Amino acid sequence: MDTHATFPQRVYLIVASIPEGHVTTYGDVALLAGSPRAARQVGGVLKRLPEGSRLPWHRVVNRHGAISLTGPDLQRQREALLSEGIMVSGDGHIDMERYRWHYDRP
DNA sequence: CACGTGACCGATT
DNA sequence: AAATCGGCCACGT
């Protein structure tokens, strides 16, 4: 990971590399971005994505395997996950054993 | 510079 | 098992 890149830039690269049909957690993204305790900031970055971004932000969930968004936003993320074959319960829970992405490579 | 704010997390009740 | 408590740190004001 390029340590000269800004935090949001690093987050973008990591999230962009999550394969379709898989998910990861805010904490893991923070870890890979080189700030192991900046999970909240990952959420902050995803919230402020530029309009029209193609980044698969919906593939990031919390440590419980649950969608952290609420209301209509929760439903939007749920639809996005369902549409790529990920099973999501009505209240936004995902089977992490099955869908969790394990990063491999420098 | 000094707060206040979270799409969070781990440890501790 | 679930709620609470600190800690965290990038960002805005």
Side-chain angles (χ1 to χ4, degrees):
Chain A
M1 183 64 52
D2 179 8
T3 52
H4 294 284
T6 67
F7 182 74
Q9 288 170 333
R10 295 197 299 270
V11 169
Y12 295 155
L13 290 174
I14 293 157
V15 173
S17 68
I18 306 170
E20 182 176 338
H22 294 265
V23 299
T24 190
T25 66
Y26 297 99
D28 278 1
V29 174
L31 185 66
L32 292 172
S35 291
R37 321 243 167 93
R40 299 184 81 140
Q41 288 54 244
V42 173
V45 168
L46 296 185
K47 176 159 64 173
R48 303 190 256 278
L49 280 184
E51 182 77 21
S53 167
R54 224 91 85 326
L55 205 71
W57 57 270
H58 56 278
R59 297 181 191 147
V60 185
V61 298
N62 67 29
R63 70 172 185 276
H64 303 299
I67 292 174
S68 284
L69 293 175
T70 59
D73 289 335
L74 187 161
Q75 293 310 324
R76 253 194 282 114
Q77 181 167 5
R78 186 170 118 89
E79 300 292 326
L81 290 168
L82 287 172
S83 78
E84 55 184 71
I86 297 173
M87 311 225 59
V88 189
S89 72
D91 66 343
H93 278 78
I94 292 163
D95 179 356
M96 292 303 272
E97 285 272 342
R98 181 167 170 185
Y99 297 112
R100 185 171 189 119
W101 169 55
H102 294 93
Y103 187 75
D104 52 345
R105 94 166 5 174

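It should be emphasised that the depicted structure is a prediction, and the values quoted were computed from it without experimental measurement. Just so we're on the same page: letters track the sequence lines, and every chain starts at 1.
The hydrophobic clustering, which links ILVMFWY residues whose side-chain heavy atoms are closer than 4.5 Å, places A:W57 and A:F7 together. Residue A:I67 is grouped with residue A:L55 when hydrophobic side chains (ILVMFWY) are merged at heavy-atom distances under 4.5 angstrom, including chains of intermediate members. Note on A:V60 and A:W101: same hydrophobic cluster, where clusters join Ile, Leu, Val, Met, Phe, Trp and Tyr whose side-chain heavy atoms are under 4.5 Å apart, directly or indirectly.
Rounded to whole Å, the distance from CZ on A:F7 to P on B:dA7 is 15 Å. A:R37 has its CZ atom 13 Å from the C1' atom of B:dA11, to the nearest Å.
The backbone N or O of A:G92 lies less than 3.5 Å from no partner atom in the side chain of A:R78, so there is not a single donor-acceptor pair.
Here A:P36 lies out of heavy-atom contact (under 4.0 Å) with every strand.
Exactly one residue among A:L74, A:L82, A:D95 makes a side-chain contact (heavy atoms from CB on, under 4.5 Å) with A:V88. That residue is A:L82.
Heavy-atom minimum distance, A:Q75 versus A:G90: NE2-O, 4.2 Å.
Two residues are said to be in side-chain contact when any heavy atoms from C-beta on lie closer than 4.5 Å; A:M96 and A:V61 meet this criterion.
Counting 5' to 3', DNA chain C first comes under 4.0 angstrom of a heavy atom of chain A and last does so at the ends given by C:dG7 to C:dC11.
For residues 39-72 of chain A, proximity to DNA chain C is found at A:R40, A:Q41, A:R48, defined as any non-hydrogen atom under 4.0 angstrom from a strand atom.
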Which donor-acceptor pairs under 3.5 Å do the side chains of residues 17-26 of chain A make with protein atoms, sequence neighbours left out?
{"unit_1": "A:S17", "atom_1": "OG", "unit_2": "A:I14", "atom_2": "O", "d": "2.7"}
{"unit_1": "A:H22", "atom_1": "ND1", "unit_2": "A:Y99", "atom_2": "O", "d": "3.4"}
{"unit_1": "A:T25", "atom_1": "OG1", "unit_2": "A:D28", "atom_2": "N", "d": "3.0"}

